[in-house]
Amino acid sequence: MKQAQLADLSVGRLGLGAMGMSVAYSVGGFDDAESIRTIHRAVDLGVTLIDTAEVYGPFVNEELLARALQGRRDQVVLATKFGLISHTGRNSPDSSPASIRVAVDGSLKRLATDHIDLYYQHRLDRDTPIEDTVGELAELVTAGKIRHIGLSEVGVHTIRRAHAVHPITAVQSEYSLWTRDQEGEILPLLRELGIGFVAYSPLGRGFLTGSIRSNAELPDSDYRKTNPRFFDENFQHNLNSADELRDISAEVGATPAQVALAWLLAKGRDIVPIPGTKRVARLEENVGADTVELTTDQLARLDQLTPAAGGHHAEAQMAWIDR
């Protein structure tokens with residue numbers, strides 16, 4: 001697999017999001033054995049960045065990764081996140097130094113490792129100055145518990161303030177053909193500062209694959225039932241973008257998932273999509289995007305895909321996103 005650069009951290013240019021192996025996307029249920037096979041296959045194919053968080057479960061996704069990576073830990077760049085679970089009793093995102101100290105030791109234990117390669121603040125803590133949070137993370141770098149610092153879903157002012165305390169390696173936010181918020185200010189700033197970008201939900205939570213034609217196909221326990229883009233009033237409109245992507249993909253000779261990922265890869269070698277899957281076949285399909293080359297005309301047509309209707313998170317979750 002070709003490589004990408006997140007600041008000075010080199011990774012395969014397609015990563016793997018592990019959240020759906022344990023929570024949120026309940027179609028087909030959860031199968032730890034198949035998930036472990038998927039992780040093994042990802043490593044075999046050159047995927048190095050594997051992404052989890054303490055809140056996924058909570059905790060069980062990190063434990064799953066520990067089982068999957070026995071004997072293979074040194075082959076991956078392991079990323080996890082803190083801050084959506086409070087270890088000080090608060091009911092809001094908590095990135096206070098006291099909470100971080102408990103969180104990192106818990107993640108290290110669950111992941112069965114002596115260090116975390118990339119440690120993200122999951123969402124901004126509006127009650128703790130970002131300087132205090134990053135200062136604590138810098139101490140963890142010095143102590144060897146973490147190697148790189150990341151931020152998730154933060155705005156330009158937060159990024160500048162954080163980077164002034166300690167170099168930030170990566171910012172993770174949603175970015176896909178139907179979520180383009182990062183293009184105006186965030187990506188130019190990251191390139192100015194030499195920070196990499198990790199794109200979660202690069203397939204629109206599966207919608208852009210074209211495999212979901214009705215929200216009735218999703219069980220009530222599926223996280224997407226709470227997502228405005230999957231609501232009845234938006235779903236039919238959003239099929240337009242999936243169908244347009246399907247038509248371009250047929251011309252390219254690749255699947256819609258591969259073309260959606262190839263479009264992101266064409267945006268720069270400092271962008272790493274982390275499509276989530278819990279099945280080997282889907283993993284292999286996604287990794288196939290590494291060899292898809294899009295023409296200038298195809299990229300331009302993809303840029304003009306019908307925009308999505310509906311917010312990309314529920315209202316309560318949008319309140320946690322820093323802009």
Side-chain angles (χ1 to χ4, degrees), residues 5-11 15-19 22 39 43 48-90 93-125 127-154 158-159 161-172 194-196 198 200 272 274:
Q5 286 297 132
L6 303 174
D8 61 350
L9 182 61
S10 181
V11 296
L16 174 63
M19 180 183 76
S22 302
I39 293 167
V43 176
T48 53
L49 180 62
I50 300 182
D51 183 271
T52 184
E54 65 173 356
V55 77
Y56 299 160
F59 310 127
V60 296
N61 197 244
E62 290 182 326
E63 294 167 349
L64 173 66
L65 285 188
R67 297 198 302 275
L69 294 174
Q70 285 182 352
R72 309 191 76 167
R73 170 66 183 91
D74 61 351
Q75 298 176 48
V76 303
V77 173
L78 192 53
T80 192
K81 311 178 199 73
F82 69 90
L84 278 182
I85 294 174
S86 173
H87 299 283
T88 65
R90 284 168 42 181
D94 187 352
S95 294
S96 63
S99 190
I100 292 171
R101 288 192 288 270
V102 176
V104 70
D105 287 340
S107 288
L108 287 168
K109 181 177 180 179
R110 287 186 295 274
L111 290 165
T113 186
D114 64 355
H115 71 278
I116 295 162
D117 296 300
L118 178 55
Y119 198 43
Y120 291 100
Q121 180 193 48
H122 207 152
R123 292 291 187 272
L124 184 67
D125 173 1
D127 296 322
T128 302
I130 191 65
E131 292 84 356
D132 292 354
T133 295
V134 176
E136 180 65 27
L137 294 172
E139 292 186 15
L140 296 179
V141 172
T142 300
K145 291 186 176 183
I146 68 174
R147 294 192 173 169
H148 297 268
I149 297 172
L151 304 172
S152 181
E153 290 289 15
V154 287
T158 299
I159 294 168
R161 289 168 56 196
H163 195 66
V165 176
H166 186 280
I168 302 301
T169 295
V171 167
Q172 181 178 146
I195 300 171
V198 174
Y200 77 80
V272 180
I274 50 169

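These numbers come from the heavy atoms of this one structure, side chains and all, not from hydrogens, waters or symmetry mates. Remember, predicted model here, so these are calculated numbers, not experimental data. Each residue takes its place number in the sequence, starting with 1.
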Does Val154 reach the side chain of Arg161, with side-chain heavy atoms less than 4.5 Å apart?
-> no
Heavy-atom side-chain proximity of Val77 to Ile50 below 4.5 angstrom = no
Supply the atom-to-atom distance Lys109 NZ to Glu63 CD, rounded to the nearest 0.5 angstrom.
-> 9.5 Å
Got a donor-acceptor contact below 3.5 angstrom from the Tyr56 side chain to the Glu62 backbone?
-> no
Answer yes or no: is there a side-chain heavy-atom contact under 4.5 Å between Arg73 and Asp117?
-> yes
When you look at His87 and Ser99, which way does the side-chain hydrogen bond (donor to acceptor under 3.5 Å, both in side chains) test go after all the steps?
-> CA-CA 5 Å; His87 299 283; Ser99 190; 4.9 Å; no
Taking all atoms of both residues into account, what is the closest heavy-atom pair of Ser95 and Thr128, and its distance?
-> O-CG2, 3.9 Å
Measure centre to centre between the rings of Phe82 and Tyr120, then say whether the value is under 6.0 Å.
-> no
Just how far is it from atom CZ of Arg123 to atom CD of Gln121, taken to the nearest 0.5 Å?
-> 10.0 Å
Does a side-chain N-to-carboxylate-O contact under 4.0 Å join Glu54 and Lys81?
-> no
Test applied, side-chain hydrogen bond (donor to acceptor under 3.5 Å, both in side chains); reference residue, Asn61; option that passes from Thr80, Asp51, Thr52 = Thr52
Looking at side-chain heavy atoms only, is the closest gap between Ser107 and Ile116 below 4.5 Å?
-> yes
Atom of Ile274, atom of Leu16 and distance for their closest heavy-atom approach | CG2-N, 4.0 Å
What one should report as the nearest heavy-atom pair of Ala66 and Ala112 is CB-CB, 4.0 Å
Between CD on residue Gln5 and OG1 on residue Thr169, distance to nearest 0.5 Å | 10.5 Å
Does any non-hydrogen side-chain atom of Leu49 lie less than 4.5 Å from one of Leu6?
-> yes
Applying side chain to side chain contact (heavy atoms under 4.5 Å, CB included), run through Glu153 and Gln172 and close with a yes or a no.
-> CA-CA 6 Å; Glu153 290 289 15; Gln172 181 178 146; over 6 Å; no
Of all heavy-atom pairs between Ala170 and Leu118, which one has the smallest distance, and what is that distance?
-> CB-CD2, 4.2 Å
Separation between NE2 (His163) and CG (Leu151), nearest 0.5 Å, reads 10.5 Å
Any Arg147 side-chain heavy atom under 4.5 Å of Val141 side chain | no
Please tell me if the side chains of Thr88 and Ser96 come closer than 4.5 Å, counting only heavy atoms from C-beta onward.
-> yes
Tell me, do Val165 and Leu137 make a side-chain contact under 4.5 Å, heavy atoms counted?
-> no
Is there a side chain to side chain contact (heavy atoms under 4.5 Å, CB included) between Leu78 and Leu69 once you walk through the steps?
-> CA-CA 10 Å; Leu78 192 53; Leu69 294 174; 4.0 Å; yes
Thinking salt bridges, do Lys145 and Asp105 make one under a 4.0 Å N-O criterion?
-> yes
How long is the gap from NE2 on His166 to NE2 on His148, to the nearest 0.5 Å?
-> 9.5 Å
Under the side chain to side chain contact (heavy atoms under 4.5 Å, CB included) rule, what do Leu140 and Arg101 come out as? Steps first, then yes or no, please.
-> CA-CA 9 Å; Leu140 296 179; Arg101 288 192 288 270; 5.5 Å; no
Which atom pair, heavy atoms only, marks the closest approach of Ile130 to Leu124?
-> CD1-CD1, 4.2 Å
Considering all heavy atoms of both residues, which atom of Ile149 and which atom of Pro167 are nearest to each other, and what is their separation?
-> CB-O, 4.3 Å
Taking it one step at a time, do Val171 and Ser152 satisfy side chain to side chain contact (heavy atoms under 4.5 Å, CB included)?
-> CA-CA 5 Å; Val171 167; Ser152 181; over 6 Å; no
